[in-house]
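Just passing along the structure, written as structure tokens.
Counting starts at 1 for both ligands and their atoms, following the listed order. Because the structure is predicted, anything quoted here is derived from the model rather than measured.
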Amino acid sequence: MTGVINQLAHIVQTVALADQPIDQVNLVVESISTNMSVDVCSLYLANARGEMLLLASHGLAGDAVRKVRIPPGKGLVGLVASSRHPVNLADAESHPAFYYIAETEEERFHSFCGVPLVHTGKVIGVLVVQGRDIRQFSGEEQGFLVTLAAHLALLLANSPLASEEPDLGEGRVSGIRGAPGIGIGFSRLCDNGELYAVSNAPCHDTAQALRDWHDLLAAVRSDIEQEQQAIAGDLSDSVAGIFSAYTMLLADPAFLGHVEKGILDGNWLPGSLRQAIQHFAELFRAMDDPYLKARHEDIHHIGNKLYNAWRGIRPEAMPAGRRIILVGAQVSVSEIAAAPAGMLEGIVCLEGSSLSHTAVLANALGIPAVMGAGMIRNLGNDTLLIVDGDTGQVIVNPAPPVLAEYRKLGDDQRFLMERLEQIREFPAVTTDGTEITLYTNTGLLADISPGLRNGAQGVGLYRTEIPFMIRNSFPSEEEQVAVYRQVLSAYEGRPVHMRTLDIGGDKQLPYFPVENEENPALGWRGIRFTLDNSQLLMTQVRAMIRAAEGLDNLRILLPMVSSTGELDDFRGLLDDALIQLRAEGHTAQRPALGVMVEVPAAISQIPFWAGKIDFVSIGSNDLSQYLLALDRNNPRVAARYDHVHPAVLLEIRRILQLAAEHRIPVSLCGEMASDPVAVLLLLGLGLRTLSMSATKIPRIKWLIRSVPVSTAQQLALEACACTYPAEIRSRVETALESAGLGELLNRNTAADRGSAKPRPA
Ligand code: PEP
Ligand code: MG
């Protein structure tokens, strides 16, 4: 058996490498039966009805596979599942729970050992070995199966194998919500060449390849300009940022240099382009922060665009007069631009995340989108599809009643959107007259315009890490001034809260990774990192102050502050920066200074900071993470992460009380600010300034304009006395529904709440 135990890692690795899920399960049963020398090894997975479907077997009759379904609780397999405990028997037939299934022809076997596969507390399958002899499996063999089952549960969780959806006719495919709304139309496949499939090849004429590269750049730049005009129309403000991000990459000396170096080193143009694109995309993909990670998709998109332009491929003209749903591994901006005006009903990306530029663009254009939908079987052009961007589902060939239901839902939503549009210019005031300030969170230049369009009263959080991450080295002061100036001037007359570099933890700089930390979330991150690298902080602060010259709307926000010493050190550095800049002839204004309350230790120290800061901003993502000791980016604990947790609410109440006693203004810029349930509670607790991603502003404004603060106060009072997060949610949801605001809940499902940041569910 020792040999078998040594095989465990090998089995798990082999199975994980199999391409298709069905190959995985067949490999499982084959390798276990070989390694354990047993006559039978079978894997059962639970289907939607809770039956155990025999998915693969070595040893049982082949005809039984995918046919035998054991009802819940029935037989020894049912016993393993219901008890969540191994069942190890020398002679299975003599056990009272034994249940004979003729198709399996298992009467030949006596010994039986079954162990459950459990994922997130639920039994998802049962792994069984059987033998001809009457003998109990050893403790070591049972332990081996238990260990293997724990690994397999991770691999097979959410496996589509147990679902018995028909191949033809109506089918549902689940993905990730990319942009809200319901779209109904006919599929149009976008199948362009894939740059990542290009290999290296020798370049025979380097000079010509360099000329081709420059021509290609010029052609693609001009295409982008045309597409921008075609797409944007009167929305040009809201989508311009996406195009400028593409244009910026096409002008980035680091990127251009990388391609040129590839050519000069003897690789042909497409190979050099692939290397450069992959290099830059990988820098982003390696990041833990889902928002930044998603940028790799944008780089991949622009790579494919360049490659297809090099091949002379242009998006096909689409038939006029037909409502279209674009479907592709990725759907590019060019394809969106090529759709006839007013006919694009939806977008389905088989790959990609809710934070990619395709999703950002779909949001800006108001086109429902589903991302990461995986393979859709048998899908050709002109198949009727429903894109449900609210739940992240695609319905293929919907049945007439389903279609009718979705049509009605779509109409209701259009009505809601019209109402949201009507209040865009109105203030966020509750029905009993309390004014709430709504800011936007931004990070990329691409996000600036949507904030303005949605009526943001300023920027509540500008995440400066992003301009640092899209480079090969620390940006110079001049480069930073240029980027910050764009944001500050776009919001002239309105405050912009710029946060100093918040790297470390889940946000890494490709050229300066903070590595080898046992506990990165508790390590060298945020203000701790920048104070230890004060040369970087000095450059950044100087750049911020210079960028705000003549605008005077800069407010500096410090991340991850946990002690007064950090604040003192920063204030000293800020004084120095002002002295230096004034000596250099700049009209440097002292910006307002605030701290993020995201480390629980900051809360008790608010009174100590009264004379030192001008405001605080609650970073509820990190605050919840640290209060609950739950990693905000770990999908294994995502279901436990809920910012509407009594511990979080009570601490926010304490922050508000302490800040009020010391007359320090408070805002909140984490994801709580865009969750309607949390917003109602925050208003009730006394918060009056919220910052959220731009697209969430209209809905939150609608909520605010529909309720009196007195209702929110009553709910907050009740919530603070509740024991369970779910109880708090259900009370507030009931209140929202009875106020006629049930529609707001659709877009903040459990998947949203599980994540501290927008990210793939
Ligand atoms: C937060 O922690 O709530 C926050 C807004 O900061 P970030 O999500 O960038 O860590
Ligand atoms: Mg934070």
Side-chain angles (χ1 to χ4, degrees), residues 287-295 354-355 438-444 447 451 456 458-469 496-509 514 520-530 555-562 566 594-603 615-634 638 641-645 647-649 651-652 655 666-675 678-679 682 687 689-694 696 700 752-759:
M287 293 171 191
D288 289 335
D289 181 307
Y291 180 80
L292 299 172
K293 200 186 194 87
R295 308 288 47 94
S354 58
L355 301 167
L438 299 184
Y439 291 143
T440 186
N441 292 347
T442 76
L444 284 178
D447 299 337
V459 176
L461 171 64
Y462 179 78
R463 291 182 165 108
T464 60
E465 0 349 314
I466 291 139
F468 279 72
M469 286 173 156
V496 175
H497 299 76
M498 288 205 164
R499 184 171 69 183
T500 58
L501 191 61
D502 183 20
I503 56 155
D506 63 342
K507 298 174 208 161
Q508 296 286 349
L509 292 181
V514 178
L522 306 184
W524 210 30
R525 59 168 296 196
I527 193 81
R528 304 166 187 182
F529 173 88
T530 48
R555 316 186 101 219
I556 293 183
L557 190 51
L558 305 179
M560 296 293 298
V561 176
S562 56
E566 290 162 343
V595 294
M596 303 267 303
V597 178
E598 21 185 24
V599 180
I603 302 172
F615 62 93
V616 295
S617 183
I618 302 173
S620 57
N621 304 340
D622 274 318
L623 186 62
S624 308
Q625 148 161 286
Y626 292 122
L627 276 172
L628 304 175
L630 280 171
D631 180 347
R632 59 194 262 190
N633 294 318
N634 182 344
Y641 182 109
D642 190 347
H643 43 226
V644 183
H645 187 292
V648 177
L649 294 178
E651 286 305 306
I652 290 181
I655 296 169
V666 186
S667 59
L668 185 143
C669 61
E671 284 302 299
M672 274 182 106
S674 51
D675 170 0
V679 167
L682 293 170
L687 203 73
T689 306
L690 299 167
S691 189
M692 66 210 73
S693 59
K696 302 285 172 60
I700 296 302
D752 267 347
R753 300 196 301 269
S755 161
K757 282 193 181 175
R759 65 157 193 206

Query raised in the report: Are the side chain of Thr442 and the backbone of Tyr462 linked by a donor-acceptor contact shorter than 3.5 Å?
Result: no
Query raised in the report: So which bit of Asn441 gets within less than 4.0 Å of ligand 1, heavy atoms only: side chain, backbone, both or neither?
Result: neither
Query raised in the report: What's the shortest heavy-atom distance between Met560 and Glu566, and which atoms?
Result: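 So the minimum-distance heavy-atom pair works out to O-OE1, 4.1 Å.
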Query - For Val616, side-chain contact (heavy atoms from CB on, under 4.5 Å) partners two or more places apart - result: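 Checked Val616 against side-chain contact (heavy atoms from CB on, under 4.5 Å); matches are Val595, Val597, Ile613, Ile664, Val666.
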**Report entry** Under 3.5 Å: donor-acceptor pair, side chain of Ser691, backbone of Leu668
**Finding:**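 Not at all, since once roles are kept as given, no pair shorter than 3.5 Å links the two residues.
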Requested in this report: Can you label the angle between the His497 ring and the Tyr439 ring as parallel, tilted or perpendicular, going by 30° and 60°?
Outcome: tilted
Query raised in the report: Has the side chain of Asp502 got a donor or acceptor atom that lies under 3.5 Å from a matching backbone atom of Arg463?
Result: no
**Report entry** From CD (Glu598) to CG (Leu627), nearest 0.5 Å
**Finding:** 11.5 Å
Query raised in the report: Are Glu671 and ligand 1 in contact, using a heavy-atom cut-off of under 4.0 Å?
Result: no
Requested in this report: Of the side chain and backbone of Ser620, name the one, both, or neither that has a heavy atom under 4.0 Å from an atom of ligand 1.
Outcome: backbone
Report summary line: Within the 2.8 Å cut-off the protein N, O or S neighbours of the Mg ion (ligand 2) are Glu598 OE1, Asp622 OD2
Query raised in the report: Any donor and acceptor pair, going by atom type alone, linking the side chain of Arg525 with main-chain N or O of Pro520 inside 3.5 Å?
Result: no
**Report entry** Side chain to side chain, Met672 and Leu649, heavy atoms closer than 4.5 Å
**Finding:**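 Heavy-atom side-chain distance check passes, below 4.5 Å.
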Requested in this report: For ligand 1, note which part of Met596 has a heavy atom under 4.0 Å away: side chain, backbone, both or neither.
Outcome: side chain
Query raised in the report: Would you say Arg525 and ligand 1 have an N/O pair spaced under 3.5 Å apart?
Result: no
**Report entry** Check: Glu598 N/O within less than 3.5 Å of ligand 1 N/O
**Finding:**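 It does: an N or O of Glu598 is found under 3.5 Å from an N or O of ligand 1.
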Report summary line: Heavy-atom nearest pair, Gly460 first then Asn441, reads C-OD1, 4.4 Å
Requested in this report: Examine ligand 1 and decide if any of its atoms is less than 4.0 Å from a heavy atom belonging to Arg499.
Outcome: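 The answer is yes: ligand 1 sits under 4.0 Å from a heavy atom of Arg499.
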Query - Per-atom contacts, ligand 1 versus Cys669 - under 4.0 Å to a heavy atom - result: 5 (C)
